[in-house]
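Here is the structure we will look at.
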Amino acid sequence: MSGSSSPKCTPKSLPTSGQKSLHDIKHPLSCSPGAEDDAATGENGAVIIDSPSPDLAHTEPSSIADKDLSLPNGTPADTSSPASSSSLLNRLQLDDDLDGETRDLFVTVDDPKKHVCTMETYITYRVSTKTTRTEFDLPEYSVRRRYQDFDWLRNKLEETQPTHLIPPLPEKFVVKGVVDRFSEEFVETRRKALDKFLKRIADHPVLSFNEHFSVFLTSKDLNSHKKQGITLLSKMGESVRYVTSGYKLRNRPVEFATITDYLDTFALKLGTIDRIAQRIIKEEVEYLMELREYGPVYSTWSDLERELNEPLDGVSACVGNCCTALEEFTEDMSEDFLPVIREYMLYSESMKAVLKKRDQVQAEYEAKAEAAALKREERSTVPTDVEKCQDNVECFNADLKADMDRWQNNKRQDFRQMLMGMADKNIQYYEKCLTAWESIIPLLQEKQEPK
């Protein structure tokens, strides 16, 4: 089915704790506030706006680069003391942020809705686009897409841009009975992953100009595009795999062999971290359940102890505060830590797949070059198909190196931000617990004073 709901479906809005909707953010080409009533809504929820504003001003985010002091790694730092540990992230400016790029395409995924039909139940998401690119007929678009539409887009990008690293999608299948794919938590986690997927494409200097990406963002009827047959590039890829099956590369560049070894180790480390982190979170949830039973015992006990009434009630309240802090901490780790680990586990698999394609292209070149060498006595020039294969290898190498550099840069930013966030959340959690326990000390000291 397409991303739009059928007449028999009943869409239900699902709450989201995600980022602010793009509809609430002013865009350089957006209409004036009074022009919203004049906007026409197309089929499948596509929003058509006829009167763009000529104001193209864009305000860049502020930077703390003008501070005098720096952290040990050279990163500019605020000289003022933070009011609390929650300002820890605000004191560190990631030096790789923005990477000096000027963005002209903004995409966001939000507003998940549940559709209940006679044959199936599924979730759609609103995909909002704002752009100043001349390739788009309008400055703003809004369409609804379901997961299989995102999957179609990724497959098309792999077919038409075989030399590039395509960002991964979150896993499609979940274990029934273990994860409810219609729960608010699951839908929100998937929404964030789909939003990250589109943003990575929108920020890519090549993928963002792909015609299938444009169709995905703007088309009123995506089904008509999805019905189109296999592409010529896909057929060519199949023929390359057939020609090079069983062929062993004679001269594989060392740098790509190094990348493969790195990805194997990288995926292994992330897999171990993911497994242990999930176990820790599970144990924290079990500990939380114990605390919820533990605290009230002191409260009921206080009814029997007149002189210890206040201290016992204080311990009960303290444990309750620690429960709240632990619940928030566990949710933060599940929502902010694990998704990054899992995305990069999938990213490593995507990178391995692109490396395999590169090897296939090189194998085709080597096979044809060897065949041409056997006939060199009969010909004075190199066959055109061999030169074309050599060009394909060089093109693949250049694109893959550029994407690998970009991936490393993104990875560095994402993991630094994730680890800083994890440190910040741990500090906040222990500070809350420390404050809770310190609050009962005066109660205990008061009861210890001699009469």
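Small disclaimer: the values here were computed from a predicted structure and weren't measured. Sequential numbering from 1 along the given sequence is applied to the chain's residues.
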Donor-acceptor pair, side chain of Arg145 and main chain of Phe216, under 3.5 angstrom: yes
Parallel, tilted or perpendicular, as decided by the 30° and 60° cut-offs, for the rings of Tyr294 and Tyr298: perpendicular
Aromatic plane relationship, His204 with His164 - under 30° parallel, 30 to 60° tilted, over 60° perpendicular: perpendicular
Listed partners of Glu343 passing salt bridge (Lys or Arg N to Asp or Glu O under 4.0 Å), at least two apart: Lys196, Arg200
Geometric class of the Tyr429/Phe329 ring pair [parallel <30°, tilted 30-60°, perpendicular >60°]: parallel
Phe415 CZ to Met418 CE distance, which is reported to the nearest 0.5 Å: 5.0 Å
Ring centers of His225, His212 separated by less than 6.0 Å: no
Check against side chain to side chain contact (heavy atoms under 4.5 Å, CB included), Asp203 and Arg103: CA-CA 7 Å; Asp203 291 341; Arg103 295 176 179 172; 3.6 Å; yes
Main-chain N/O of Ser142 paired with Ser128 side-chain donor or acceptor, under 3.5 Å: no
Donor-acceptor contact present, side-chain Asp195 to main-chain Val109, <3.5 Å: yes
Main-chain N/O of Asp405 paired to Asn409 side chain as donor or acceptor, under 3.5 Å: no
Trace of the salt bridge (charged side-chain N to carboxylate O under 4.0 Å, His left out) decision for Glu184 with Arg191: CA-CA 10 Å; Glu184 293 180 11; Arg191 181 202 67 78; over 6 Å; no
Donor-acceptor pair, side chain of Ser302 and main chain of Ser299, under 3.5 angstrom: yes
Test item: Ser214 side-chain N/O and Asn210 main-chain N/O as donor-acceptor pair under 3.5 Å: no
Donor-acceptor contact present, side-chain Ser316 to main-chain Gly295, <3.5 Å: yes
Side-chain ion pair, Asp149 and Lys226, N-O less than 4.0 Å: yes
Tyr147/Tyr125 aromatic ring centres below 6.0 Å: no
Cys117 backbone acceptor or donor facing Thr121 side chain under 3.5 Å: no
